[in-house]
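This is a predicted model, so every value here is computed, not measured. Below, read A as the first sequence line, B as the second, and so on, with proteins coming before strands; counting in each chain starts at 1.
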Protein chains: 2
Amino acid sequence: MIEIILAKILLIDDHQLFNDGIRVLLSTQPDLVVCGQVFEEKDILFAVQKHTPELVLLDLNIQGRSGLEIGMQLMSSQPNLKVVILTMYNQPKLFEEALKAGFHGYMLKDSTTAELLEGIRAVIAGRKYYDPRLVKQLSPSISPFKDDFALRANLTFRELEMIRLVREGLTSEEIADKLNLSLFTVKTHRRNIYYKLGIGNVAELIEFASRNGL
Amino acid sequence: MIEIILAKILLIDDHQLFNDGIRVLLSTQPDLVVCGQVFEEKDILFAVQKHTPELVLLDLNIQGRSGLEIGMQLMSSQPNLKVVILTMYNQPKLFEEALKAGFHGYMLKDSTTAELLEGIRAVIAGRKYYDPRLVKQLSPSISPFKDDFALRANLTFRELEMIRLVREGLTSEEIADKLNLSLFTVKTHRRNIYYKLGIGNVAELIEFASRNGL
DNA sequence: TAAAAAATACCTCTTTAGTAGTATGGCGCA
DNA sequence: TGCGCCATACTACTAAAGAGGTATTTTTTA
């Protein structure tokens, strides 16, 4: 059972989905539990220490003070805690800051419920999740993301290469021919990729790659 | 030279990109010209009649009155005019209404510049353009692509549904279970999709769907 | 209402994907 | 120098996808 704290995100009234949508959404997930919900900065640390949740969903707009600071403080005080920013601000600069600060996720409030859940699950699974729209807007020169992501998902170069070729519609055999490898090798790589990403078939692989700009 | 009128969209101050971003954006496009810009309802019809633009970018939040109404009025008075909704409201209901009303496009303000241009160009080219995020949220029964992409590719409703489920990583058997169909039926649909799209495997299907916002 | 299109279903067969376990040479690093 | 990671490769198996054909029912539409 995974426990989650909602940090202020239920107070946001500028997007109908979130008036109490996120709690409802999470309540439909048998393995996710909202163990706390706070609306002011002073309560967050206390709640986290009390519940020691797996993950905190953090709004960026917490009464004046920057949510980023609060989040960073949280992460340094609780090394195993995962902190995901959930905000309405689709601002590249904020996003870049959050990236640098090492947040485990950055999602936008107008995401679909499927996307939100995907993000939460990705982070719980030990990966990072950033809204694809933000990643797309990142200037490619800065983009610490690609390497960052590959490294954090523990994908090797060969594995990334496999993903690229699978996306082009090549079969394992065609990839083997192209790279002068044994078919067995290619299949081993694919298996490892699936294992690392926690997925089970090509469809999921390509959806995943598309979403994460691999 | 394509002429465009911006209907109130420069007044929106809740998203930095649009304070004057859209005009700047369009000014970088040699073949697009902003021929007018209005901020109040009473000026729109006059401006359209004066400039007879190809396209109007219309905000939904025009001083109290529903932007949808204004847009419908515009379209009926100027049959050749293309009207694209550009709004910050990612609300399925609004979007569905706009679809029914026959608007040529519906874009969200937090789109990237590339997406905005893509949408504008699609509409100018005689196609329709709806933000993929909204389309994704639509209940499949309403799917707007009946008169758009699906028709071009001759994809039926059932086929689109198959694509959606395949993208979610479901196998043919799982789809069959979910929809209470025979496995044979699902496989037949998949075969037909591949034939229509000229592709040969799941990887290509999903790449294709991603690229085309199915 | 007749024709066309869409959705449904079945059979057979080949190919590819996916799962599981194992193994080995190379390379970097502590 | 030995441990871990990477890339490579194999066997053996099951599951699923894909290609080919055919056919019935329902729904749309001309």
What N/O pairs connect the protein and nucleotides 9-14 of chain C at under 3.5 Å? Give each pair on its own line.
residue: C/dA9; atom: OP2; partner: B/Ser182; partner atom: N; Å: 2.7
residue: C/dA9; atom: OP2; partner: B/Thr185; partner atom: OG1; Å: 2.9
residue: C/dA9; atom: O5'; partner: B/Thr185; partner atom: OG1; Å: 3.4
residue: C/dA9; atom: N6; partner: B/Thr188; partner atom: OG1; Å: 3.4
residue: C/dC10; atom: OP2; partner: B/Ser182; partner atom: OG; Å: 2.9

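- In this structure, the side-chain contact (heavy atoms from CB on, under 4.5 Å) partners of B/Leu179, at least two apart in sequence or on a different chain, are B/Arg158, B/Glu161, B/Met162, B/Leu165, B/Ile175, B/Leu181.
- For A/Ile199 and C/dT19, the CD1 to C1' distance is 15 Å, given to the nearest whole Å.
- Regarding B/Arg190, its CZ atom lies at a distance of 17 Å from the P atom of C/dA7, rounded to whole Å.
- With values rounded to the nearest 0.5 angstrom, A/Glu168 atom CD is found 10.0 Å from B/Glu204 atom CD.
- Straight-line distance from the OH atom of B/Tyr195 to the P atom of C/dA7: 17 Å, rounded to whole Å.
- Across all strands, B/Asn201 comes closer than 4.0 Å only to sugar-phosphate atoms, never to a base (heavy-atom distances).
- For A/Thr185, the side chain to side chain donor-acceptor pair (under 3.5 Å) test picks out no residue, with sequence neighbours left out.
- In terms of phosphate contacts, B/Tyr194 brings a side-chain nitrogen or oxygen within less than 4.0 Å of OP1 or OP2 of D/dG18.
- Judged by distance alone, with hydrogens and angles left aside, the side-chain atoms of A/His104 form no donor-acceptor pair with the main-chain N or O of A/Val84 at under 3.5 Å.
- Each end of the helix from C/dT1-D/dA30 to C/dA30-D/dT1 gets its own rotation axis from five pairs of C1' atoms, and the angle between them is 60° to the nearest 10 degrees.
- Considering only residues two or more places apart in sequence or on other chains, A/Asn192 meets the side-chain contact (heavy atoms from CB on, under 4.5 Å) condition with A/Glu159, A/Thr188.
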What's touching nucleotides 24-30 of chain C from the protein side, N or O pairs under 3.5 Å?
none

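- The side chain of A/His189 contributes an N or O atom lying less than 4.0 Å from OP1 or OP2 of D/dT8.
- What you find for A/Val166 and A/Ile206 is that their closest heavy atoms are O-CD1, 4.2 Å.
- We find the CE-CG distance between B/Met107 and B/Leu57 to be 5.5 Å, quoted to the nearest 0.5 Å.
- Close to C/dA5, at under 4.0 Å from its OP1 or OP2, lies no side-chain N or O of B/Thr156.
- Put simply, the side chain of B/Val202 does not reach to within 4.5 Å of the side chain of A/Asn201, judged on heavy atoms.
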